[in-house]
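Just so you know, these numbers use all the heavy atoms, side chains as well, and skip hydrogens, waters and symmetry mates.
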Amino acid sequence: MKRALLYLIPFAWLGPYLDWKEGSILGYALFLFGLGVLSYSLARSGKPKYIVIGNMVSFAISYGIALSVGEGYGEGYFNPLTVSQLVLGVSVLNLVVQIPIVMNAIQNKVMRKELEGHDG
């Protein structure tokens with residue numbers, strides 16, 4: 001599924017990077033909104049395994065970038081957190097947002113199938 005390839009974007013690193021570089025929370029908003037829409041879409045199409053795998057891949061890429069840039073990244077901007085701790089925290093926040101969205105998508109899909117079964 002081509003949409004699942006969007007998980008190759010290091011979302012958990014991109015939000016903090018844009019915050020540090022541009023002083024904008026737009027990166028976090030795009031990250032949460034974009035992944036919310038993507039996860040809803042994949043859940044509705046019956047591909048929840050892509051959501052799980054995609055989140056793991058996106059986290060791994062983000063964490064790898066965080067480790068490669070080292071502690072000099074952000075120059076204390078995110079104190080008291082290190083860059084890797086921030087990536088971990090943002091990834092957890094991502095899951096807190098995505099889980100209800102995915103559950104809603106799955107519930108809507110099940111309800112729609114039940115309604116279609118009773119129409120006939």
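Connection of Val83 to Val92 is not established within any shared hydrophobic cluster, with ILVMFWY side chains joined at heavy-atom distances below 4.5 Å, either directly or through further cluster members. Note on Val102: it clusters hydrophobically with Ile53, by side-chain heavy-atom contacts below 4.5 Å among ILVMFWY residues. A continuous path of ILVMFWY side-chain contacts below 4.5 Å connects Leu8 to Leu14, so both sit in one hydrophobic cluster. In terms of hydrophobic clustering, with Ile, Leu, Val, Met, Phe, Trp and Tyr side chains grouped at heavy-atom distances under 4.5 Å, Phe11 and Leu81 are assigned to a common cluster.
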- Apply the test side chain to side chain contact (heavy atoms under 4.5 Å, CB included) to residues Phe31 and Asn94: give CA-CA distance (whole Å), side-chain angles for both, the deciding distance (0.1 Å), then the verdict. CA-CA 8 Å; Phe31 154 73; Asn94 172 39; 3.4 Å; yes
- Task: Check step by step if side chain to side chain contact (heavy atoms under 4.5 Å, CB included) holds for Thr82 and Leu86.
- Result: CA-CA 6 Å; Thr82 65; Leu86 185 64; over 6 Å; no
- Going through the distances and angles, do Ser41 and Lys47 end up as a side chain to side chain contact (heavy atoms under 4.5 Å, CB included)? CA-CA 9 Å; Ser41 169; Lys47 307 291 185 193; over 6 Å; no
- Please step through side chain to side chain contact (heavy atoms under 4.5 Å, CB included) for the pair Ile51 and Tyr7, ending with a clear verdict. CA-CA 8 Å; Ile51 298 168; Tyr7 277 108; 3.7 Å; yes
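Listed for the Ser58 side chain is no donor-acceptor partner under 3.5 Å among the backbone atoms of Gly54.
A side chain to side chain contact (heavy atoms under 4.5 Å, CB included) with Leu6 holds for exactly one of Leu35, Leu38, Leu42, Val37; it is Leu38.
For Ile25, the CD1 atom is loosely surrounded, since the number of other residues' heavy atoms within 6.0 Å does not exceed 12.
Rounded to the nearest 0.5 Å, atoms CE (Met103) and CD1 (Ile106) are 6.0 Å apart. In this structure, CG in Asn104 is found 9.0 Å from CZ in Arg44, a value given to the nearest 0.5 Å. From Ile61, atom CD1 reaches atom CD1 of Ile9 across 9.5 Å, with rounding to the nearest 0.5 Å. If you take NZ on Lys21 and CG on Leu18, they are separated by 10.5 Å, rounding to the nearest 0.5 Å.
Inter-residue side-chain proximity for Pro80 and Gln85 is flagged as unmet; no heavy-atom pair is nearer than 4.5 Å. Counting heavy atoms from C-beta outward, Asp19 and Tyr28 have side chains that approach closer than 4.5 Å.
For Tyr63, the ring pair (Phe, Tyr, Trp, His ring centres under 6.0 Å) test picks out Phe59, with sequence neighbours left out. Contacts of Ile101 classified as side chain to side chain contact (heavy atoms under 4.5 Å, CB included), with partners at least two apart in sequence or in another chain: Ser39, Tyr40, Val97.
Among all heavy-atom pairs drawn from Ser91 and Ala12, the shortest one is OG-CB, 3.3 Å. When every heavy atom of Ala66 is checked against every heavy atom of Trp13, the shortest pair comes out as N-CD1, 4.3 Å. Between Pro16 and Val90, the shortest heavy-atom distance links the atoms CG-CG2, 4.2 Å.
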